[in-house]
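Remember, it's 1-based here, ligands and their atoms both numbered in the order they're listed. Note that the numbering runs from 1 along the sequence shown for the chain.
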Amino acid sequence: QGLFAPAITVNGAAVTNYELDQRARLLAAFNTPGDTAAEARRQLVEEKLKLQELDRAGMQLTDEGLETAMAEFAQRADLSLDAFVAQLAGQGIARETLRDFVKVNASWRDYVRRRYGSGVEISDAEIDAELAKTGGPDAVELLLSEIIIPAPPPRAAAAQARAEQISRLRSTAAFEAQAREVSALPTREQGGRLDWLPLSNYPAGLRGLLLSLEPGEVTPPIPIRNGVALFQLRDIREAPQAPAADRRDRLCPVRHPRRGHRRGAGRGAPRRRADRHLRRSLRRGEGPARGAAGAAQRGALGAAARSRARTGAARPQRGGVEPERGWHAVLHHAVFAHPGRGAGRRSRRGAQPARRPETFGPRRHPARRAGGAGPHRAAMTPIAISCGEPAGIGPEIAARAWERLRGEIPLLWLGDPRHLPDAVPWQAVDDAAQAAPVSATALPVLARDFGPPAVPGAPDPAHAQGVIDAIRDGVDLVRSGACAALCTAPIHKAALIDGASFAHPGHTEYLAALAGTDEVVMMLACEALRVVPTTIHVPLAQVPARLTPDLLERTIRITRDALIRDFGVAAPRLAIAGLNPHAGEDGKMGGEEIAMITPLLDRLRGEGFDLAGPMSADTMFHAAARATYDAAICMYHDQALIPIKTIDFSGGVNVTLGLPFIRTSPDHGTAFGIAGKGLADPSSMIAAIRMAADMAQARGPR
Ligand SMILES: NC(=O)c1ccc[n+]([C@@H]2O[C@H](COP(=O)([O-])OP(=O)(O)OC[C@H]3O[C@@H](n4cnc5c(N)ncnc54)[C@H](O)[C@@H]3O)[C@@H](O)[C@H]2O)c1
Ligand SMILES: N[C@H](C(=O)O)[C@H](O)COP(=O)(O)O
């Protein structure tokens with residue numbers, strides 16, 4: 001066949017062999033992993049369909065607009081357009097090939113924005129038509145929360161302003177609080193939380209926007225008739241139980257874009273439920289009509305899930321590599337081709353930082369703080385992840401975290417790879433230096449043989465020594481500088497005691513022992529709250545005796561120093577809880593406040609510490625109280641951990657302060673009841689890894 005002969009015909013439009021060859025070269029130049037020829041084919045078919053729709057809608061990018069879009073594109077690789085084109089030419093890629101690629105994507109983004117950017121009423125028929133067009137979105141499920149703020153004309157401006165504020169939230173707890181306060185939907189009772197639902201349950205016009213979110217992110221305000229809608233993404237996953245027939249079916253949308261694929265058995269009920277919910281809202285003029293759809297595609301899992309949705313591809317096989325596609329691959333390229341100028345995790349809102357630098361995690365890198373692209377973390381040494389209890393959810397949340405973070409933060413998993421979920425691609429490495437290049441395509445593993453296989457939910461003391469060694473190895477790697485920080489997966493203390501006479505009640509104490517210090521502090525942090533238990537893993541009956549002025553003073557000092565050093569809080573405000581009910585009620589309900597806590601606080605205030613308390617623990621954690629301090633110093637474990645795990649179980653991070661190295665961890669345990677079932681939420685693990693990376697960047701190279 002000739003080079004310019006049609007290789008594929010899409011509704012009468014030809015894709016030539018030349019185009020296929022050029023696009024495959026372009027994808028190779030962008031370091032797109034996987035089969036670039038197949039991906040080129042897929043992309044070009046999809047783009048022909050988009051172009052036809054753009055023609056139908058009478059939307060064409062002007063020559064000037066196209067030139068600007070191309071220049072912006074080159075800019076991502078830190079090159080002028082001419083220099084970028086010249087580099088491509090060196091690889092046999094014509095300028096026109098880049099032009100066509102940019103043109104269709106930029107035009108489509110504009111088209112989606114314009115089409116769905118304003119409130120339009122949507123009919124049931126339209127929803128059906130949209131749902132019928134694509135079969136792919138059934139392959140992806142979203143965990144969303146929703147808010148609709150009523151906005152009849154006199155209140156429209158106020159509602160919009162409130163919605164703008166909400167759209168900047170990153171914390172699920174904060175979004176939930178807003179939902180309870182302002183949402184008009186029945187879900188307000190559960191903080192706007194929806195269950196896992198297939199992407200196909202949402203109007204097609206909203207899907208691109210929803211997929212562009214990262215967990216925690218909220219959509220921009222979506223104008224609807226007499227209201228404003230917002231969605232927060234809590235998580236995204238591949239649909240777990242899609243029947244095999246469905247998977248095959250999902251291959252159809254590209255080839256038969258107009259053919260409807262109603263999903264059948266097994267999935268109908270939730271879908272119908274969500275449809276009803278959506279339709280009801282829409283009829284009332286409250287529901288998400290068509291979103292202000294930002295079609296920009298961000299987020300590794302989002303892009304991967306999108307690809308799977310489009311192609312019906314199964315999850316990557318063990319040892320295999322899942323290709324990353326489209327715009328994501330381009331960003332990826334810009335990042336890896338120019339370390340130090342990467343895209344990072346940009347805020348959707350351009351110049352604004354992704355979150356306030358002084359609320360939750362440590363200081364952002366200065367460039368990221370300014371909302372710009374910071375040095376990409378691919379350039380940093382990896383974050384070591386210890387396997388934790390193999391029968392718990394540790395291995396699977398590490399795998400899920402890698403899927404999410406692989407383009408962002410290099411990881412090194414320490415454990416027995418036979419304990420990883422089957423589907424995760426992993427690669428054994430000999431040392432930490434090999435991890436960063438591997439991490440983008442497979443989970444790098446410093447492999448250990450733990451002996452017997454793991455049975456989910458049934459901890460085996462035979463694994464105890466391996467679990468302990470993985471933590472110790474992680475510490476060694478971080479202390480030697482080979483890894484930037486250690487993030488530990490949860491351990492089951494009883495199994496470690498039974499199997500290896502583990503002498504420590506938790507990581508915190510073990511890490512302190514490895515570091516040769518007893519001056520460590522446990523802090524748990526989420527966006528809405530930071531808490532520090534002064535006594536940690538101590539039976540309640542022993543707390544009063546263990547609670548000495550020395551210990552409390554050390555805890556306050558270490559916490560204050562860490563807030564300044566690692567968390568960008570220039571003048572930390574600490575709230576100190578009392579030990580007893582009502583902080584002792586003037587000595588009537590306990591004497592520790594008067595005898596010990598108050599005198600210590602007074603002395604430290606004399607040194608300039610900003611301390612409040614002793615406070616009644618029962619009233620210091622509501623939202624208004626939380627706004628008055630940067631961390632709460634509590635007297636014992638549950639006093640500190642109950643509020644934070646209640647407010648944000650999925651977003652909390654456990655960080656050990658006072659160590660000579662960085663250690664973070666998810667805030668939950670081994671969750672034996674759900675281990676191995678694919679139900680574990682990796683959010684806390686992801687937050688822990690991000691916090692570790694942020695702390696490492698804030699401290700800078702050692
Ligand atoms: N950092 C650590 O090593 C650490 C921290 C806490 C608990 N633990 C250990 O974990 C074990 C179990 O403790 P527990 O039962 O009190 O607490 P847990 O956190 O394991 O489980 C509490 C509840 O939350 C659920 N859950 C926990 N994590 C989840 C996730 N990521 N996604 C979805 N659901 C999740 C569980 O299914 C369970 O219903 C104990 O041995 C404890 O010592 C270890
Ligand atoms: N007290 C912690 C919690 O309940 O989340 C947990 O046991 C973890 O502690 P270490 O990080 O010390 O293992």
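With a 4.0 Å cut-off on non-hydrogen atoms, Thr508 touches ligand 2 through its backbone as well as its side chain. Proximity of His637 to ligand 2, defined as any heavy-atom pair under 4.0 Å, is confined to the side chain (atoms from C-beta onward). At a heavy-atom cutoff of 4.0 Å, ligand 1 is contacted by no atom of Met685, backbone or side chain. Looking at Lys493 against ligand 2, only its side chain comes within 4.0 Å, counting heavy atoms. Using a 4.0 Å cut-off between heavy atoms, Thr670 contacts ligand 1 through both its backbone and its side chain.
Put simply, the side chain of Glu389 never gets that close to the backbone of Gly392: no donor and acceptor are under 3.5 Å apart. Although no hydrogens or angles enter the test, the distance criterion places no donor-acceptor pair under 3.5 Å between the side chain of Thr664 and the main chain of Met691. A donor-acceptor pair under 3.5 Å is formed between the side chain of Gln232 and the backbone N or O of Ser171. Of the possible donor and acceptor atoms, one in the side chain of Gln639 sits under 3.5 Å from a partner among the backbone N and O of Met635. At distances below 3.5 Å, at least one donor-acceptor pair connects side-chain atoms of Arg530 with backbone N or O atoms of Asp630.
Close N/O approach between Asp667 and ligand 1 is not found [any backbone or side-chain N/O within under 3.5 Å]. For ligand 2, the polar-atom distance check against His537 finds a nitrogen or oxygen pair separated by under 3.5 Å. On a distance-only criterion, His507 and ligand 2 share at least one N/O pair closer than 3.5 Å. In terms of polar-atom proximity, Lys645 is not counted as a contact of ligand 1, lacking any N or O under 3.5 Å from an N or O of the ligand.
Protein heavy atoms all stay at least 4.0 Å away from atom 16 (O) of ligand 1. Using a 4.0 Å threshold on non-hydrogen atoms, atom 38 (C) of ligand 1 does not count as touching the protein.
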Requested in this report: Could you walk me through whether Arg193 and Ser145 pass the side chain to side chain donor-acceptor pair (under 3.5 Å) test, one step at a time?
Outcome: CA-CA 4 Å; Arg193 285 182 174 242; Ser145 300; 5.1 Å; no
Requested in this report: For Val520 and Arg554, run side-chain contact (heavy atoms from CB on, under 4.5 Å): C-alpha distance rounded to whole Å, both residues' side-chain angles, the deciding distance at 0.1 Å, then the answer.
Outcome: CA-CA 9 Å; Val520 295; Arg554 226 166 41 222; over 6 Å; no
Report task. Could you walk me through whether Leu552 and Ile633 pass the side-chain contact (heavy atoms from CB on, under 4.5 Å) test, one step at a time? Result -> CA-CA 9 Å; Leu552 183 54; Ile633 309 283; 3.9 Å; yes
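A donor and an acceptor atom, one from each side chain of Thr172 and Asp648, are located under 3.5 Å apart. Using modelled atom types, one finds a donor on one side chain and an acceptor on the other under 3.5 Å when comparing Glu146 with Thr187. Arg406 and Thr441 share no donor-acceptor pair across their side chains, judged by distance under 3.5 Å alone. A side-chain donor from one of Ser683 and Asp681 sits under 3.5 Å from a side-chain acceptor of the other.
Heavy-atom separations between Met522 and ligand 2 include at least one value shorter than 4.0 Å. In this structure, Ser665 is part of the shell of residues with a heavy atom less than 4.0 angstrom from ligand 1. The shortest heavy-atom distance from Arg663 to ligand 2 is under 4.0 Å. Within the structure, the closest approach of Phe649 to ligand 1 falls below 4.0 Å when heavy atoms are considered. Ligand 1 lies less than 4.0 angstrom from a heavy atom belonging to Ala680.
Among His668, Met522, Glu389, the residue whose heavy atom sits closest to atom 5 (C) of ligand 1 is His668. Taking only non-hydrogen atoms, the option from Ile491, Leu679, Ile393 nearest to atom 9 (C) of ligand 1 is Ile491. Comparing Gly506, Ala671, Gly394 against atom 36 (C) of ligand 1, the shortest heavy-atom distance belongs to Ala671.
Nearest to atom 13 (O) of ligand 1 among the protein's heavy atoms is Gly669 CA, 4.5 Å. Looking from atom 5 (O) of ligand 2 to the surrounding protein, the closest heavy atom is Lys645 NZ, 2.8 Å. Atom 40 (C) of ligand 1 has its closest protein heavy atom at His492 ND1, 4.0 Å. For atom 8 (C) of ligand 2, the nearest protein heavy atom (residue, atom name, distance) is Asn654 ND2, 3.6 Å. For atom 33 (C) of ligand 1, the closest non-hydrogen atom on the protein side is Ile674 CD1, 3.4 Å. Atom 31 (N) of ligand 1 has as its closest protein heavy atom Asp681 O, 2.9 Å.
Under a 4.0 Å criterion applied to the non-hydrogen atoms of Leu641, ligand 2 contributes the atoms 1 (N), 2 (C), 3 (C), 4 (O), 5 (O). Close approach to Pro490 involves these atoms of ligand 1, each under 4.0 Å from a residue heavy atom: 2 (C), 3 (O), 4 (C), 44 (C). Under a 4.0 Å criterion applied to the non-hydrogen atoms of Gly506, ligand 2 contributes the atoms 12 (O), 13 (O). Less than 4.0 angstrom separates some heavy atom of Asp667 from each of these atoms of ligand 2: 5 (O).
Using the six-membered ring where Trp is involved, His537 and His637 have ring planes that are tilted, between 30° and 60° apart. Taking the six-membered ring where tryptophan is involved, the planes of His492 and Phe672 are perpendicular, since the angle between them exceeds 60° and thus also 30°. Aromatic ring orientation, His668 versus Phe649: perpendicular (interplanar angle above 60°, classes split at 30° and 60°).
If you take CG on Leu657 and CG on Asp561, they are separated by 10.0 Å, rounding to the nearest 0.5 Å.
Residues Arg479 and Asp476 are not paired through a salt bridge, judged by the lack of any N-O separation under 4.0 Å between the basic side chain and the carboxylate.
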